[in-house]
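Each ligand, and each atom within it, is numbered from 1 in the order the structure gives.
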Amino acid sequence: MKAQEMFQESIENREGFWAKQAENIKWFEFPKTILSDDENGYPQWFADGKLNMSYLCIDKHIEDGFGEQVAVIYDSPVTGKQQKYTFNQLKVEVSKLAGGLLSLGLKKGDTAVVYMPMIPQTLFTMLACARIGVIHNVVFGGFAPNELVVRIDDCKPKVLITSTAGVEIAKRIPYLPLVEEAIRLAQDKVDHVIVFDRQLIDNKHEYFEGTIDYQELVDRSQPADYVSVESTHPLYLLYTSGTTGKPKGVERDTGGHATALKFSMKYHYGMEPSETFWAASDFGWAVGHSFMVYGPLINRNTTIVFEGKPVMTPDAGTFWRVISEHKVNTMFTAPTAIRAIKKEDPNGELIKKYDLSHYKKQFLAGERCDVATLDWFDEHIGIPAVDHWWQTESGSPMLGLLTYFDDFKIKRASAGKPIPGYDIKVFDENGYELDAHHEGYLVIKLPLAPGAMKGIWNDFPRFEKSYLSQFPGYYFSGDGAIKDEDGYIFVTGRVDDVINVAGHRLSTSEMEEVVSSHPEIAECAVVGIEDQLKGQIPFAVAVTKAGVTKGDTEIEKEIISLVREKIGAVASLKNVMIVNRLPKTRSGKILRKLIRTMLDGKEFQIPSTIDDEQIISEIQEKYEFYKN
Ligand code: COA
Ligand code: AMP
């Protein structure tokens with residue numbers, strides 16, 4: 001069967017196709033019902049199937065005789081540590097931690113917030129939760145306490161599992177003061193806080209009362225067996241930015257996700273069991289969940305937990321060192337990482353130092369990949385670089401190329417073709433499908449493939465409003481796209497208030513809320529402007545209240561640190577320009593797209609609905625002055 005035939009079958013015979021794919025994982029009870037509706041009338045997969053994710057990722061391989069295969073490699077240039085864990089060792093770590101969680105009274109259906117850095121204990125924690133049916137919510141380490149508070153109050157965890165610190169290049173980021181602050185601010189009271197002590201420095205003073213030591217808990221606990229959960233049991237919640245300030249708790253099922261990940265690993269990434277797969281991401285993002293933890297482990301691939309950056313840890317050759325040393329077969333990262341390496345090592349001198357003979361394919365996603373970066377990659381690495389598109393919401397690729405089939409063809413700047421199960425179309429604003437080469441909205445006919453979000457945690461109306469109401473019968477992705485005559489799709493970027501900064505998904509509305517909370521600010525707009533390294537960066541344009549005498553530079557500094565304090569360093573807001581007025585429509589809507597296009601230095605059209613055209617030249621003049 002070829003890729004196109006497979007796609008066709010997945011659309012024409014959905015249930016038959018996915019029932020066959022579901023046979024590739026081991027169920028405790030194979031589903032009799034393949035596709036049905038949930039209590040909200042939304043499609044769900046494999047409703048009466050039973051399985052366990054931790055079993056699939058660990059025990060299954062041990063039963064099959066692969067207990068001594070290396071499952072996880074921890075490589076941390078920032079601490080100089082390396083450690084390998086076989087599947088047998090992984091089982092000990094995970095089952096004892098799971099036993100520890102049970103001893104604290106956790107049970108299936110409870111939630112756990114995980115705020116941890118790039119260390120293997122994070123992966124153990126996720127798998128330990130999955131083992132006993134506890135729903136985890138991993139929070140990215142670059143987020144501030146406030147982001148933790150939002151998640152704690154929304155998912156009401158019984159336990160918060162954290163570590164003493166993260167390490168950003170040479171900087172230690174203490175987590176405990178941030179956790180203490182979050183717990184103080186949250187309305188919901190977490191029962192237990194478990195802390196993994198990395199022993200980087202003597203930091204006893206950072207501890208607060210009542211914490212439980214991770215290692216002591218593991219050491220004193222009995223290993224817990226896996227429990228059988230329903231296919232629709234939530235494996236995890238992962239909060240992501242939307243068009244309002246409040247992040248959305250994407251709810252992932254177990255059975256559909258396991259089936260989709262097994263499918264992706266085999267057909268999209270073309271991985272054979274026992275090979276090494278490396279996704280250079282972070283546990284806090286969907287890529288980290290799907291392709292650092294569950295995907296590779298389900299497929300019996302060795303996965304790498306890399307604690308470092310593409311550059312400066314210690315140099316721009318670090319990716320090639322890891323690939324060479326651990327015989328990485330296939331790698332996944334965001335284009336930003338390649339751009340960062342290209343900037344530091346334009347002639348690829350550091351690449352020549354390493355034996356990359358095992359390195360066969362590179363996958364890129366998270367943001368648009370520019371052709372110049374692909375050219376550099378081709379010139380210096382010369383293996384296929386496959387762009388592909390997906391979202392936290394889908395949990396696995398929706399556009400890409402099935403590299404399992406040798407005849408896959410890359411088209412520059414395209415994120416590929418629809419992946420089986422995703423009937424993707426490009427619509428105009430009235431819901432009519434557009435012809436090739438016309439830009440429109442990227443939408444997907446329902447039902448989505450297995451593993452795509454079950455909904456927004458405890459908020460079906462918001463799920464409906466955010467994704468299902470714009471085009472009835474279709475899921476609206478929030479992205480724009482163009483299709484070509486061969487069915488390749490070119491993703492043109494978000495059409496909402498979401499921006500992608502260095503592959504990190506952030507909400508401009510959330511930033512606007514923080515900027516507007518500054519006592520001197522009357523109103524503001526935050527837009528994503530183009531950036532050579534990070535793809536996009538946020539830029540705030542703000543109007544001060546009448547009578548404010550404080551200088552612009554001082555206000556800018558205060559706002560930058562406010563955003564850092566409220567959202568986190570990852571927000572990367574470095575520019576705040578104070579203006580007299582914002583361009584608006586006659587009905588008072590801020591013309592954000594116009595501001596963005598102006599700041600990008602691109603040609604723009606003045607909307608006929610603009611209230612006062614004069615504002616445009618005011619802002620342009622101010623920007624010329626601001627830039628210098
Ligand atoms: N914990 C604490 N702080 C973090 C953090 C974490 N896990 N991750 C990032 N930050 C901080 C950074 O230290 C930086 O702080 P600073 O403003 O004090 O310097 C800030 O957040 C912005 O981080 P980032 O956008 O990552 O910029 P950077 O300049 O540190 O690094 C790259 C730029 C390109 C090297 C980096 O973004 C990268 O490796 N990107 C790869 C893409 C990726 O991993 N994408 C994930 C989805 S696939
Ligand atoms: P996240 O949910 O963090 O994975 O971010 C998803 C968003 O990232 C998508 O909606 C796109 O805007 C963007 N994105 C992901 N992959 C690509 C890609 N290959 N090309 C263009 N944009 C992408």
Item to check | Pick from E168, R505, K171: the one approaching atom 4 (C) of ligand 1 most closely through a non-hydrogen atom | outcome: E168
Checklist outcome for this item: closest protein heavy atom to atom 44 (O) of ligand 1 is A280 O, 3.8 Å
Checklist entry - Taking 4.0 angstrom as the limit, do E307 and R198 come out as a salt bridge? => result yes
Item to check | Under 3.5 Å: N/O of H388 near N/O of ligand 2 | outcome: yes
Checklist entry - Could an N or O of ligand 2 be found under 3.5 Å from any N or O of G366, whether backbone or side chain? => result yes
Next on the checklist: Using a 4.0 Å heavy-atom cut-off, which part of M118 comes near ligand 1: side chain, backbone, both, or neither?
Outcome noted: neither
Checklist outcome for this item: If you scan protein heavy atoms around atom 32 (C) of ligand 1, the nearest is T336 CG2, 4.5 Å
Checklist entry - At what distance is the nearest protein heavy atom to atom 15 (O) of ligand 1, and which residue and atom is it? => result A569 CB, 3.7 Å
Checklist entry - At what distance is the nearest protein heavy atom to atom 41 (C) of ligand 1, and which residue and atom is it? => result A337 CB, 3.9 Å
Next on the checklist: Tell me whether atom 21 (O) of ligand 1 lies less than 4.0 Å from at least one protein heavy-atom position.
Outcome noted: yes
Checklist entry - Looking at atom 47 (C) of ligand 1, what's its closest protein heavy atom, distance included? => result G503 O, 3.6 Å
Next on the checklist: Quick check on contacts: which atoms of ligand 1 are under 4.0 angstrom from a heavy atom of A334?
Outcome noted: 42 (C), 45 (N)
Checklist entry - Under a 4.0 Å heavy-atom limit, does F332 contact ligand 1 with its side chain, its backbone, both, or neither? => result neither
Next on the checklist: Among all the protein's non-hydrogen atoms, which is closest to atom 1 (P) of ligand 2, and how far away is it?
Outcome noted: T392 OG1, 3.4 Å
Checklist entry - Hey, is H504 touching ligand 1 through its side chain, its backbone, both or neither, going by heavy atoms under 4.0 Å? => result side chain
Item to check | salt bridge (Lys or Arg N to Asp or Glu O under 4.0 Å) assessment of E147 paired with K566 | outcome: CA-CA 7 Å; E147 293 288 326; K566 296 282 180 205; over 6 Å; no
Checklist outcome for this item: Separation between OG1 (T392) and CE (M453), nearest 0.5 Å, reads 9.0 Å
Item to check | Which of the ligand 1 atoms, numbered from 1, are nearer than 4.0 Å to a heavy atom of G141 | outcome: 1 (N), 2 (C), 6 (C), 7 (N)
Checklist entry - With R412, which of D375, D387, D370 fulfils salt bridge (Lys or Arg N to Asp or Glu O under 4.0 Å)? => result D375
Next on the checklist: Is it the case that the ring center of Y42 lies less than 6.0 angstrom away from the ring center of Y475?
Outcome noted: no
Item to check | Non-hydrogen side-chain atoms of I73 and T303 separated by less than 4.5 Å | outcome: no
Checklist outcome for this item: Numbered in order shown, the ligand 1 atoms found under 4.0 Å of a heavy atom of G142 are 1 (N), 2 (C), 3 (N), 4 (C), 5 (C), 6 (C), 7 (N)
Checklist entry - Would the Y239 and W457 ring centres measure less than 6.0 Å apart? => result no
Next on the checklist: Which residue and atom name correspond to the protein heavy atom nearest atom 8 (N) of ligand 1, and how close is it?
Outcome noted: F140 CZ, 3.3 Å
Item to check | Residue V570 vicinity, atoms of ligand 1 by number, heavy atom under 4.0 Å | outcome: 21 (O)
Next on the checklist: Can you confirm, on distance only, whether ligand 1 has an N/O atom lying under 3.5 Å from any N/O atom belonging to K309?
Outcome noted: yes
Checklist entry - Which class fits the ring pair F377 and W320: parallel under 30°, tilted 30 to 60°, perpendicular over 60°? => result tilted
Checklist entry - What class does the angle between the rings of F471 and F476 fall in, given that below 30° is parallel, 30 to 60° is tilted and above 60° is perpendicular? => result perpendicular
Checklist outcome for this item: Heavy-atom proximity to atom 23 (C) of ligand 2, picking from W389, F490, F363, W285, points to W389
Item to check | Those atoms of ligand 1 less than 4.0 Å from some heavy atom in S281 | outcome: 46 (C), 47 (C), 48 (S)
Next on the checklist: Which label fits F363 and H388: parallel for a plane angle under 30°, tilted from 30 to 60°, or perpendicular past 60°?
Outcome noted: perpendicular
Next on the checklist: Please determine whether salt bridge (Lys or Arg N to Asp or Glu O under 4.0 Å) holds for the pair K411 and D486, giving the CA-CA distance in whole Å, both sets of side-chain angles, and the decisive distance to 0.1 Å.
Outcome noted: CA-CA 10 Å; K411 243 191 211 192; D486 301 321; 2.7 Å; yes
Checklist entry - For F490, is the NZ or CZ atom of R368 found under 6.0 angstrom from the centre of its six-membered ring and inside 45 degrees of the ring axis? => result no
Checklist entry - So between E344, K534, R564, whose heavy atom ends up nearest atom 27 (O) of ligand 1? => result K534
Checklist entry - Who's closest to atom 39 (O) of ligand 1 heavy-atom-wise, of A340, A279, G166, P310? => result P310
Next on the checklist: Could you measure the distance from the OH atom of Y354 to the OG1 atom of T318? Nearest 0.5 Å is fine.
Outcome noted: 7.5 Å
Item to check | Shortest protein contact, atom 6 (C) of ligand 2 (heavy atom only) | outcome: W390 O, 3.6 Å
Item to check | Salt bridge present between K309 and E168 (N-O < 4.0 angstrom) | outcome: yes
Item to check | Subset of ligand 2 atoms that lie under 4.0 Å from at least one heavy atom of N500 | outcome: 7 (C), 8 (O), 12 (O), 13 (C)
Item to check | Pair Y422 + F7: ring centers closer than 6.0 Å | outcome: no
Checklist entry - Of all the heavy atoms in G478, does at least one lie under 4.0 Å from an atom in ligand 2? => result no
Checklist entry - Counting both backbone and side chain atoms, is some N or O of D479 under 3.5 Å from an N or O of ligand 2? => result yes
Checklist outcome for this item: For S572, the atoms of ligand 1 under 4.0 Å from one of its heavy atoms are 22 (C), 25 (O)
Next on the checklist: In terms of relative ring orientation, are H504 and F140 parallel, tilted or perpendicular, with 30° and 60° separating the classes?
Outcome noted: tilted
Next on the checklist: Any nitrogen or oxygen of K574, side chain or backbone, less than 3.5 Å from one on ligand 1?
Outcome noted: yes
Item to check | atom 37 (O) of ligand 1: the protein heavy-atom neighbour that sits closest, reported with distance to 0.1 Å | outcome: A502 CB, 3.4 Å
Next on the checklist: Suppose we call two aromatic rings close when their centres sit under 6.0 Å apart. Are H289 and H257 close by that rule?
Outcome noted: no
